[in-house]
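Written below as structure tokens is the structure these notes are about.
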Amino acid sequence: MRNLSFKNYKWDKKYLIAVFITLLCAIISGIVLYIFANVNIYFKNFAEEYVFFVFNFKNGDLIFSHLLSELLYLYIFFLIGYCTKFKYLTLIFIFIRGLYFAVYTAILIELNAFGGITVAILVFIPTSVFSIIFCCITAETCKSINKKIVFFVPAVFAVFNTLILLLLINVVFRVVIVIV
């Protein structure tokens with residue numbers, strides 16, 4: 001039975017090591033890119049709006065854009081992992097996500113002082129890490145899931161990651177802000 005049981009599934013250790021190395025290289029490249037390059041104003045505006053939306057608890061704009069980006073990335077990972085035999089092709093997208101993750105985190109920390117550091121540690125970094133984990137799980141296990149529900153798995157992961165973002169903003173962040 002191939003429903004959702006992963007007990008008999010053997011994880012590809014080479015793929016997981018390649019993901020970790022790619023992500024590490026992307027984070028280092030993103031930090032170096034931020035330090036030595038003049039970062040586009042779009043990145044700075046995104047970071048300022050992200051902090052503004054999190055601090056003012058305006059979840060609508062933030063959640064909708066997050067859900068759409070998650071759906072896009074998860075279905076890209078799904079199509080590569082399910083329709084081709086080249087799951088290592090997903091490393092390109094992991095590098096891109098890691099690069100943006102590092103640049104946005106550096107901008108959040110540097111430009112927005114205490115507010116940016118708080119938002120980065122409590123909201124942005126955990127959500128991005130869960131997103132990359134869900135992308136890797138989608139690419140790795142999509143061929144072993146039942147064919148009736150396999151096309152809905154990326155959407156479920158995207159909704160689950162969006163719910164994690166909602167919980168981090170509305171529960172964890174509010175509690176920390178009230179305490180501080």
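Just so we're clear, the structure is a prediction, and the values are computed from it rather than from any experiment.
Smallest separation of non-hydrogen atoms from G81 and C142: C-SG, 3.4 Å. Scanning both residues, A120 and P126, for their nearest heavy atoms gives O-CD, 4.0 Å. Residue T127 comes nearest to L168 through the heavy atom pair OG1-CD1, 3.4 Å, listed as atom of the first residue, atom of the second, then distance. Scanning both residues, L74 and P154, for their nearest heavy atoms gives CD1-O, 3.4 Å. Across every non-hydrogen atom of C136 and I94, the tightest pair is SG-CD1, 3.7 Å.
Y15 and T90 are linked by a side-chain donor-acceptor pair at a separation below 3.5 angstrom, with hydrogens and angles left out of the test.
Around CZ of F95, the count of heavy atoms belonging to other residues, nucleotides or ligands within 6.0 Å exceeds 12.
I28 places none of its side-chain heavy atoms less than 4.5 Å from the side chain of I31. The side-chain heavy atoms of I149 and V156, taken from C-beta on, include no pair separated by under 4.5 Å. Put simply, the side chain of F173 reaches to within 4.5 Å of the side chain of T118, judged on heavy atoms. C25 has its side chain within reach of I21: a pair of non-hydrogen atoms, C-beta onward, lies under 4.5 Å apart. You'll find the side chain of I164 stays beyond 4.5 Å of the side chain of S131, heavy atoms only. By the 4.5 Å heavy-atom criterion applied to side chains, L122 and V176 are counted as neighbours. Contact check for F157 versus V153: side-chain heavy atoms found under the 4.5 Å cut-off. Side-chain contact between L16 and F20 is absent, with no heavy-atom pair separated by less than 4.5 Å.
S128 places no side-chain N or O within 3.5 Å of a backbone atom of I125 that could act as its donor or acceptor partner.
Distance CD1/I80 to OH/Y88: 14.0 Å, rounded to 0.5 Å. Expressed to the nearest 0.5 Å, how far CG of N170 lies from CD1 of I63 amounts to 7.5 Å.
Both Y100 and Y42 are assigned to one and the same hydrophobic cluster, defined by single-linkage of ILVMFWY side chains at heavy-atom distances under 4.5 Å. L167 and V172 sit in two unconnected hydrophobic clusters of ILVMFWY residues. Membership requires side-chain heavy atoms under 4.5 Å apart, directly or through other members. Note on F151: it clusters hydrophobically with L72, by side-chain heavy-atom contacts below 4.5 Å among ILVMFWY residues. Following chains of ILVMFWY side-chain contacts shorter than 4.5 Å, one cannot reach I17 starting from I137, and the two form parts of different hydrophobic clusters.
Remark: aromatic rings of Y73 and F134 are distant, center separation not under 6.0 Å.
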Quiz item: Could you walk me through whether I35 and V32 pass the side-chain contact (heavy atoms from CB on, under 4.5 Å) check?
Solution: CA-CA 5 Å; I35 291 172; V32 168; 5.8 Å; no
Quiz item: Could you walk me through whether I117 and L108 pass the side-chain contact (heavy atoms from CB on, under 4.5 Å) check?
Solution: CA-CA 6 Å; I117 293 171; L108 282 171; over 6 Å; no
Practice problem: Decide ring-ring contact (aromatic ring centres under 6.0 Å, His included) for F130 and F160; before the verdict, give the C-alpha distance in whole Å, the side-chain angles of both, and the deciding distance to 0.1 Å. | Solution: CA-CA 10 Å; F130 277 117; F160 191 64; 7.7 Å; no
Self-check item: Stepwise side-chain contact (heavy atoms from CB on, under 4.5 Å) check, T138 with Y75
Solution: CA-CA 9 Å; T138 302; Y75 273 106; over 6 Å; no
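The aromatic rings of F46 and Y50 are tilted relative to each other, their planes meeting at an angle between 30° and 60°. Between F101 and F124, the ring planes lie parallel to each other; the angle is under 30°, not in the 30° to 60° tilted range.
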